**Q** 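So that we are looking at the same thing, I have put the structure below in structure tokens.
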Amino acid sequence: MRRRRLVAGLLLGLLLGSSQAFACASCGSGGDDPLILYPNEVDKIYVGVARATAFKNVDADGRFSTSGGPTVKDTLTLAYGHGFSPRAFVTGTLPWLRNSRQEATQTSLGDPSLAARYALVMASMAEPLIPQVQMLVGYKQSMTHSIHDSADLKTELDVFGTGFSEAKLGVDIWFGQLDWLAGAAFNLIKPLPHTYDGLRYEPGLASRSTLTAGYVFSTACKTTFGANLLARGSLRGDGVVQADSEQLNHSAFLTQDWLISPVESWRLSLSRQAAFGANKNTARSDGVSLAYLRSW
Amino acid sequence: MQYLLRLSLCVFLCQACSTHSKADAPAVMPASTEGVASKNGTFFLKMDWTTGPKSAATSAATLSFYDANHHQAISVDSVAVVPWMTTMGHGTAMKDQKIVPVAGQVGHFTIDGIYLIMGGPWDIRVTATVNGSVDTATVAVTAP
Ligand SMILES: [Cu+2]
């Protein structure tokens, strides 16, 4: 019965397609942090490869159009986390990216990020209905080229980032003590303004909300799935609001974790951006990622 | 202002067009013509797509400049075309663009090699110098 459910879940995931996994924080990849430490873990690494394909633009009315640019985006993500106590840990993440279009490819380091989490409420087996509650802060430094300073706008092969550094503040609630898992996370994301070509860009304040559910089939096998909503306010150019520039993206994900030893696991994720509901000024893409995690 | 700075990089100088004969030109804009007035009312612009608009491929169009009040064809000293995706705040590749005056037709140009890098809503910003005044008209278009 459990196996049948797992297969059904995986099939659902394949149907949904995928991009970078955006699972809930506590189950793996809270927003854009791929690495989460459990209370007993002191050091942990994450090595993940991801591929995003099937890009389509979504306009302000939710209509699909040609995305242009790379047709395949590959990412190698390295992350390291260190726990200072059962309640607190920090992670650093560095992506290495490859864009491809027809025969041409270009590679670059991506934007590095740092994040820290603190558990306000610790979960315990004794009271499984009291969730773990974490506060989180994070910062991503814009370093790579974006569409605003691309040297080749025809292929966009050198477009690897958004072009804006971001700070974030969030809360993450996770019920992880029973066979059924559930979680919710909310992040406020503040992009920092930047001037390109004499024009000062101020992307709007954004939020990412995540709902996650899952099931622990055995200590070695866990499946989670869920949805994200990324909502961003209007873009300003030199202080002037750009008409119709707000963004909405409802994405879906399915993540399968296999524990291969008490300290090692593999994680396969499928996701789709702009997967359902209202989407605006964003992009549809399908993604798949595979990651190896090890703790000490 | 920075748009104008950007525009200045790609202005196509057309000193010759003011000397063209007016004999073959449609001197008066047809009554049914749809177009847009420039921001400061210096001219009225009609843009007709002859190829496209396409995304991630080149498109072509004709540009016809008229007097904003009387809709007479007017001579234009320079033309620059900058496609801009306002909702995302970015432009496009412009190195393939070629703007050429149509012989014998005052205020008429062909533009080839318009490359819209993605589908969606674009503002085609057409900046022209008319009698020493620089002004911009914006034509909205959606690429598939
Ligand atoms: Cu765009």
Side-chain angles (χ1 to χ4, degrees), chain A residues 55-71 101-102 145-159 162-164 191 193-204 232 234-238 240-248 280-284, chain B residues 1-11 36 39-40 49 51-60 80-98 111-125 127 134 136-144:
Chain A
F55 296 95
K56 276 183 199 158
N57 269 20
V58 183
D59 72 13
D61 299 318
R63 283 184 300 249
F64 288 111
S65 61
T66 309
S67 88
T71 49
R101 180 185 165 97
Q102 289 152 358
H145 282 291
S146 73
I147 200 160
H148 305 294
D149 60 356
S150 165
D152 183 5
L153 268 179
K154 202 161 175 180
T155 64
E156 297 170 67
L157 279 176
D158 65 345
V159 172
T162 61
F164 301 97
H194 195 95
T195 300
Y196 290 102
D197 237 346
L199 179 63
R200 183 180 155 89
Y201 290 83
E202 269 177 89
R232 189 184 293 283
S234 297
L235 171 71
R236 285 167 184 266
D238 279 346
V240 179
V241 171
Q242 305 296 293
D244 241 352
S245 60
E246 318 85 55
Q247 295 176 11
L248 273 183
K280 186 172 180 181
N281 291 325
T282 187
R284 153 74 66 86
Chain B
M1 268 320 276
Q2 42 303 114
Y3 300 142
L4 290 179
L5 285 175
R6 223 175 273 153
L7 291 174
S8 65
L9 294 172
C10 50
V11 164
V36 287
K39 198 174 169 210
N40 301 326
W49 296 88
T51 305
K54 298 176 182 176
S55 47
T58 50
S59 303
V81 176
V82 177
W84 190 254
M85 197 168 225
T86 305
T87 52
M88 297 189 193
H90 64 81
T92 187
M94 305 217 305
K95 58 180 187 253
D96 295 341
Q97 267 190 30
K98 266 192 207 109
I111 172 167
D112 284 324
I114 304 172
Y115 194 91
L116 304 177
I117 53 172
M118 61 178 69
W122 286 88
D123 288 331
I124 312 293
R125 295 173 174 172
T127 298
V134 180
T136 301
T138 302
V139 179
V141 67
T142 299

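Each chain gets a letter, A, B and so on, in the order the sequences are listed, and its residues count up from 1. Bear in mind the structure is a predicted one, so any value in this text is a computation, not a measurement.
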**Q** Quick check: closest heavy atoms across S65(A) and G119(B), and the distance to 0.1 Å?
**A**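 The answer is OG-C, 3.1 Å.
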
**Q** Measure distances from A57(B) to the heavy atoms of chain A and classify the residue's part below 4.5 Å as side chain, backbone, both or neither.
**A**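 For A57(B), neither part sits under 4.5 Å from chain A.
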
**Q** Any idea which heavy atoms bring S245(A) and T87(B) closest together, and the distance?
**A**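 Where S245(A) meets T87(B) most closely, the heavy atoms are CB-O, 3.3 Å.
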
**Q** Side chain, backbone, both or neither: which part of T92(B) has a heavy atom under 4.5 Å from chain A?
**A**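 Backbone only.
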
**Q** By side-chain hydrogen bond (donor to acceptor under 3.5 Å, both in side chains), which residues pair with S67(A), not counting sequence neighbours?
**A**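 In terms of side-chain hydrogen bond (donor to acceptor under 3.5 Å, both in side chains), with neighbours along the sequence ignored, S67(A) is linked to no residue.
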
**Q** Check whether any side-chain heavy atom of N57(A) sits under 4.5 Å from a side-chain heavy atom of M88(B), and report yes or no.
**A**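 They are in side-chain contact.
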
**Q** R101(A) versus chain B, heavy atoms under 4.5 Å apart: side chain, backbone, both or neither?
**A**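 Just the side chain, heavy atoms under 4.5 Å.
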
**Q** Starting at OG1 of T142(B), measure out to CZ of R63(A) and round the result to the nearest 0.5 Å.
**A**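 The OG1 atom of T142(B) sits 6.5 Å away from the CZ atom of R63(A).
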
**Q** The criterion is side-chain hydrogen bond (donor to acceptor under 3.5 Å, both in side chains); which residues satisfy it with H148(A), sequence neighbours excluded?
**A**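 If we apply the side-chain hydrogen bond (donor to acceptor under 3.5 Å, both in side chains) test to H148(A), skipping adjacent residues, there are no hits.
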
**Q** For P144(B) and T66(A), which heavy atoms make the closest approach, and how far apart are they?
**A**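 Of all heavy-atom pairs spanning P144(B) and T66(A), the closest is O-OG1, 3.1 Å.
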
**Q** Could you check whether any side-chain heavy atom of I147(A) comes within less than 4.5 Å of a side-chain heavy atom of M85(B), counting everything from C-beta outward?
**A**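 In short, these two side chains do not touch, never coming nearer than 4.5 Å.
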
**Q** Report the distance from atom CG of D59(A) to atom CE of M118(B), rounding to the nearest 0.5 Å.
**A**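 Nearest 0.5 Å value for the CG-CE distance: 12.0 Å.
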
**Q** Does any heavy atom of chain B fall under 4.5 Å from the side chain of Q247(A), the backbone, both, or neither of them?
**A**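 For Q247(A), neither part sits under 4.5 Å from chain B.
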
**Q** Do K95(B) and D152(A) come within less than 4.5 Å of each other through their side chains, counting heavy atoms only?
**A**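 The answer is yes, as the side chains (C-beta and beyond) meet within the 4.5 Å cut-off.
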
